[in-house]
Number of protein chains: 2
Amino acid sequence: MRLLVCCCRIDYRGRLTTRLGSGERVILLKDDGSVCVHSVRGAKPVNYMPGPTAVREEDGVIRIIRPASDEELAITVERVVDDRRLDLLDAAPLERQGSERDLHACLAARPDTIEEGLVVVERERPTDVGPIDLWCRDVEGRIALVEGKRIRAVASAVEQVVRYREQAERDPSLGPVRALVVAPDFAPQARVLADARGVERVTLDVGRLIAEAEADLTLFG
Amino acid sequence: MRLLVCCCRIDYRGRLTTRLGSGERVILLKDDGSVCVHSVRGAKPVNYMPGPTAVREEDGVIRIIRPASDEELAITVERVVDDRRLDLLDAAPLERQGSERDLHACLAARPDTIEEGLVVVERERPTDVGPIDLWCRDVEGRIALVEGKRIRAVASAVEQVVRYREQAERDPSLGPVRALVVAPDFAPQARVLADARGVERVTLDVGRLIAEAEADLTLFG
DNA sequence: ATATACATGTCGAGG
DNA sequence: CCTCGACGTGTATAT
């Protein structure tokens, strides 16, 4: 990548228009075409552009163009403090633990933590309106659709599982269909909506569940 | 800020846990406590931490702790490529033009672009389930709720306006209530859901509308 | 290539 | 302080 420290002005045109007056910044121009402009403060870049892009430089103006979305970033370099190329060696992937995907796997492995006697029939079952996290049967043989959230459930999570239920109810042979949302906690609007729609709320500290699952893996691994 | 280029390993513990194996990265440690680790590719940092934080360095390990959320980032430096301090001068604010707020103003100013004869009664009308972008009356005197999107509408946008409509329908004196989503285009699931829920779709390139509005402003200003 | 959902999302406004 | 929706969201995954 190219690491440029300079005083510059920056114009962005695309989903909206931004202008940044003269000032000193750190600019990363990566080989995949992505660009990142960091100002003196803040974790987030003040300007950026995801790759792939075409980068041209002419008369002290670096023009980054992204044809896919018709966006352009123009960096007018006024004074260069440092300009160097870095050939970084990095093949390591970021390993994550505790993602939503992990959560689903964990719930699927231990459905009884959601409800006694619950059995998973299918995971990530696709429908017209999106995939159902867990397609289960409860202890009385009824279909139970489960939507799991890693973090606090909001109204949209409830609406999601309602959509799934409506989809499932189109097949009358399935009989009555239950809908559940499993989350560490529920926003007030999610609670109200769940109650109004007949969606069952299951409060479950998923972090703990995953921690326990890992402990089990350690024990049996 | 401190600009560190090095080979390192990184561990994050917080809302989840991540591990990043040995590799060369660019690390920005800003004076406001924010930290940003950039790998060889991608617009987003591979690891980060917003300020304020406490930074300690000991035995080649940089430990960034954020007490507010009990998060920790540990950078184990294995080999330093470059380590320098930059005192950047930058007071310029980022100026934006063309946000969703501008869009609503634009639609409110020209409701006839949504539908012939539509009249705006109220903007950002507050309800229990959130503010309605535009509360209108159509040419036949019916209430019409409008949700405007600057970019492609997804299912959640449809669900949003359905919630508004349900809220409005609790007052029977209002009569029948229409629900509209205005967006430059619609995702397939949004289409299906809108049709199922009786929500009307209005395809409108709002960016163009804003551009025209700006042209008008230029003409008359 | 397109569509969809996740994210350490982050951020800011309103009650 | 909490709750909520916008974001130039970016990014990976499945179709």
Side-chain angles (χ1 to χ4, degrees), chain A residues 10-18 32 34-37 42-51 66 68-73 93-94 96-104 124 126-131 133 147-152 154-157 160 185-192 207, chain B residues 10-18 20 34-35 37 41-50 66 69-73 94 96-104 124 126-133 147-152 154-157 159-160 163 185-192 207:
Chain A
I10 301 181
D11 291 281
Y12 165 77
R13 177 193 61 72
R15 285 167 273 201
L16 54 54
T17 302
T18 72
D32 64 356
S34 62
V35 178
C36 211
V37 180
K44 291 181 72 177
V46 63
N47 274 120
Y48 60 90
M49 190 90 96
R66 198 167 117 96
S69 47
D70 187 31
E71 294 174 281
E72 180 175 344
L73 191 68
L94 185 70
R96 291 166 217 243
Q97 214 161 43
S99 68
E100 186 121 346
R101 203 174 160 67
D102 292 342
L103 156 64
H104 294 166
E124 310 292 336
T127 74
D128 290 5
V129 292
D133 289 349
E147 175 70 21
K149 286 292 163 195
R150 188 176 55 87
I151 54 174
R152 162 180 284 231
V154 294
S156 59
Q160 211 174 328
D185 82 316
F186 290 79
Q189 289 190 10
R191 262 175 235 196
V192 171
Chain B
I10 302 181
D11 291 281
Y12 165 78
R13 178 191 60 73
R15 285 165 277 198
L16 54 51
T17 302
T18 71
L20 185 62
S34 62
V35 179
V37 181
R41 60 201 185 97
K44 290 180 73 177
V46 64
N47 275 118
Y48 60 91
M49 190 91 97
R66 199 168 116 94
S69 48
D70 187 31
E71 294 174 282
E72 180 174 346
L73 192 68
L94 185 71
R96 291 167 200 250
Q97 201 167 47
S99 64
E100 182 117 354
R101 202 172 163 67
D102 294 340
L103 154 65
H104 294 166
E124 308 294 336
T127 74
D128 289 3
V129 293
I132 299 171
D133 290 348
E147 175 72 20
K149 288 291 164 194
R150 192 175 50 83
I151 55 174
R152 162 181 284 232
V154 295
S156 59
E159 280 159 343
Q160 212 174 325
R163 270 189 309 211
D185 82 316
F186 289 78
Q189 289 190 9
R191 263 175 236 194
V192 171

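Just so it is clear, the values below take in all heavy atoms, side chains as well, and ignore hydrogens, waters and symmetry mates. Here is how names work: the chains are called A, B, and so on, in the same order as the sequence lines, proteins then strands, and each is numbered from 1. Since the model is a prediction, treat every value here as computed from it, not as a measurement.
Remark: the separation of the C1' atoms in C:dC11 and C:dA7 is 14 Å, to the nearest Å. The same atom, P, is picked in D:dG8 and in D:dC4; the two are 22 Å apart, to the nearest Å.
One finds a side-chain N or O of B:R150 lying less than 4.0 angstrom from the OP1 or OP2 phosphate oxygen of D:dC7. Dashed line: the shortest gap from a side-chain N or O of A:R191 to OP1 or OP2 of D:dT3 is not under 4.0 Å.
Residue contacts shown for B:M49 are absent, as no nucleic acid heavy atom lies under 4.0 Å away. Contacts of B:R66 with the nucleic acid, taken as non-hydrogen atoms under 4.0 Å apart, are absent.
One can place OH of A:Y12 at 7 Å from P of D:dT9, the figure rounded to the nearest angstrom. In this structure, the CG atom of A:D102 is 13 Å from the P atom of C:dC6, given to the nearest Å. Between the P atom of D:dC4 and the CZ atom of B:R163 lies a distance of 9 Å, rounded to the nearest Å. Atom CD in A:E100 sits roughly 10 Å away from atom P in C:dG9 (whole-Å rounding).
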What pairs of nitrogen or oxygen atoms, one from the protein and one from nucleotides 11-15 of chain D, lie under 3.5 Å apart?
| unit_1 | atom_1 | unit_2 | atom_2 | d |
| --- | --- | --- | --- | --- |
| D:dT11 | OP1 | B:A43 | N | 2.7 |
| D:dT11 | OP1 | B:K44 | N | 3.0 |

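Residues satisfying the side-chain hydrogen bond (donor to acceptor under 3.5 Å, both in side chains) criterion with B:R96, sequence neighbours excluded, are absent altogether.
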